[in-house]
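One structure is given here, and the rest of the page talks about it.
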Amino acid sequence: MPREFYDRPAIEVAPELLGCVLWHQSSDGLVAVELTEVEAYMGAIDSASHSYRGQTRRNAVMFGPPGHAYVYFTYGMHFCVNLVCQPAGIATAVLLRAGRIVAGEELARSRRPSSRRDTDLASGPARLCQALGIDMAQNGVDVCPVGSELLVTSTTDSYDNKICQGPRVGISSATDLPWRYWIDGDPTVSAYRAHVPRRRKPVTPSPR
DNA sequence: ATTAGGATCTTCT
DNA sequence: GAAGATCCTAATG
């Protein structure tokens with residue numbers, strides 16, 4: 001991750017990450033995406049952040065130094081990846097929500113057989129991890145050094161004119177904060193969905 | 001095109 | 001014990 005992003009709040013870093021490239025070199029091969037959609041999570045001042053209620057085993061990486069990947073497992077089957085922004089103890093991070101494949105498209109497709117179109121390969125935080133082969137093995141990886149299996153590089157493209165912002169997806173609190181950023185009109189940006197609490201399985205009425 | 005439900009398990013209350 | 005920074009499929013308009 002480019003040095004100019006270090007030690008700055010996630011809401012500043014997030015829009016600047018658009019257009020940057022995330023690379024993952026695994027034993028299967030290399031896949032890379034250009035980031036098209038991200039969300040900032042602001043730690044102690046953000047009730048939607050995993051770090052809002054303090055450090056736990058799951059979010060420990062968020063409380064560590066910037067430039068490291070915070071990966072979490074959710075819904076019993078999916079992984080999502082964040083980039084830690086601020087110094088140890090200030091747990092803000094950027095969730096990587098979508099990207100456009102720029103390398104290893106064939107491998108990405110083989111990892112995502114259910115994907116119908118090329119633009120769906122990494123259009124969503126869990127899809128992005130699937131396409132790149134990211135799982136808990138990458139939790140805590142430093143994404144700065146050249147040669148790291150997980151790497152973020154800056155871009156020469158300027159999207160300054162095309163950056164939009166709005167509410168974040170899938171959260172149930174702090175829904176008014178416009179901390180989701182995306183590239184206007186990009187087909188790989190995931191569809192916005194407001195949070196819908198999962199309905200409990202109906203309890204069968206006891207016989208009487 | 002849109003919606004509803006299921007999958008599946010870790011995490012925190 | 002309940003909800004979750006999600007995705008997929010099947011059913012319906």
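Reminder, nothing fancy here: chain letters follow the sequence lines and each chain counts from 1. Just so it is clear, the model here is predicted, and its values are computed rather than measured.
Separating the CG atom of A:Leu128 from the P atom of C:dA5 is a distance of 17 Å, rounded to the nearest angstrom. Residue A:Leu83 contributes atom CG, which lies 18 Å from atom P of C:dA5 at whole-angstrom precision. Straight-line distance from the NE2 atom of A:His195 to the C1' atom of C:dG4: 7 Å, rounded to whole Å. B:dT8 atom P lies 14 Å from atom CD of A:Gln130, rounded to whole Å. Rounded to whole Å, atom C1' of C:dA10 lies 13 Å from atom CZ of A:Arg116. Rounded to whole angstrom, the span from the CZ atom of A:Arg53 across to the P atom of C:dA5 amounts to 10 Å. The NE2-C1' distance, from A:His78 to C:dT6, rounds to 4 Å in whole Å. Distance OH (A:Tyr72) to C1' (B:dT8): 16 Å, rounded to an integer number of Å.
Within the nucleic acid shown, A:Ala126 comes within 4.0 Å of sugar-phosphate atoms alone, with no base atom in reach, counting heavy atoms only. Among the atoms of the strands shown, base atoms are found under 4.0 Å from some heavy atom of A:Tyr75. Here A:His50 lies in heavy-atom contact (under 4.0 Å) with a base. Among the heavy atoms of the strands, none lies under 4.0 Å from A:Arg193. Using a 4.0 Å heavy-atom criterion, one finds that A:Arg112 contacts the sugar-phosphate atoms exclusively. A:Leu95 comes within 4.0 angstrom of a base, heavy atoms only. Contacts of A:Arg58 with the nucleic acid, taken as non-hydrogen atoms under 4.0 Å apart, involve only primed sugar atoms and P, OP1 or OP2.
Below 30°, between 30° and 60°, or above 60°: for A:His50 and A:Tyr72 the angle between ring planes is above 60°, a perpendicular geometry.
Side-chain heavy atoms closer than 4.5 Å link hydrophobic residues (I, L, V, M, F, W, Y) into clusters, and following such links, possibly through other members, connects A:Ile101 to A:Leu35. In terms of hydrophobic clustering, with Ile, Leu, Val, Met, Phe, Trp and Tyr side chains grouped at heavy-atom distances under 4.5 Å, A:Leu150 and A:Tyr6 are assigned to a common cluster.
For DNA chain B, each stem of at least three Watson-Crick or G-U pairs (distances under 3.5 Å) is given as range with range: B:1-7 with C:6-12, B:9-12 with C:1-4.
Positionally, the nearest nucleotide of DNA chain C for A:Met62 lies more toward the 5' end than for the other of A:Ser115 and A:Met62.
Among the nucleotides C:dT6, B:dT10, C:dC7, the one closest to the side chain of A:Arg127 is C:dC7. Among B:dT13, B:dC9, C:dA5, the nucleotide with an atom closest to any side-chain atom of A:Phe73 is B:dC9.
Residues A:Val94 and A:Cys85 approach most closely at CG2-SG, 3.7 Å, considering heavy atoms. Minimum interatomic distance between A:Val141 and A:Glu149 (heavy atoms only, all atoms of both residues): CG2-OE2, 3.7 Å.
A:Ser114 has a side-chain polar atom (N or O) that falls below the 4.0 Å cut-off from OP1 or OP2 of C:dC8. Between A:Thr74 and C:dT6 there is no side-chain N or O to OP1 or OP2 distance below 4.0 Å.
Using a cutoff of 4.0 Å between basic side-chain nitrogens and carboxylate oxygens, A:Arg168 and A:Glu39 are not scored as salt-bridged.
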Worksheet item: Between A:Arg127 and A:Thr188, does a side chain to side chain donor-acceptor pair (under 3.5 Å) hold up when you go through it step by step?
Response: CA-CA 11 Å; A:Arg127 291 172 173 182; A:Thr188 65; over 6 Å; no
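The number of heavy atoms from other shown groups lying within 6.0 Å of CD (A:Glu106) does not exceed 12.
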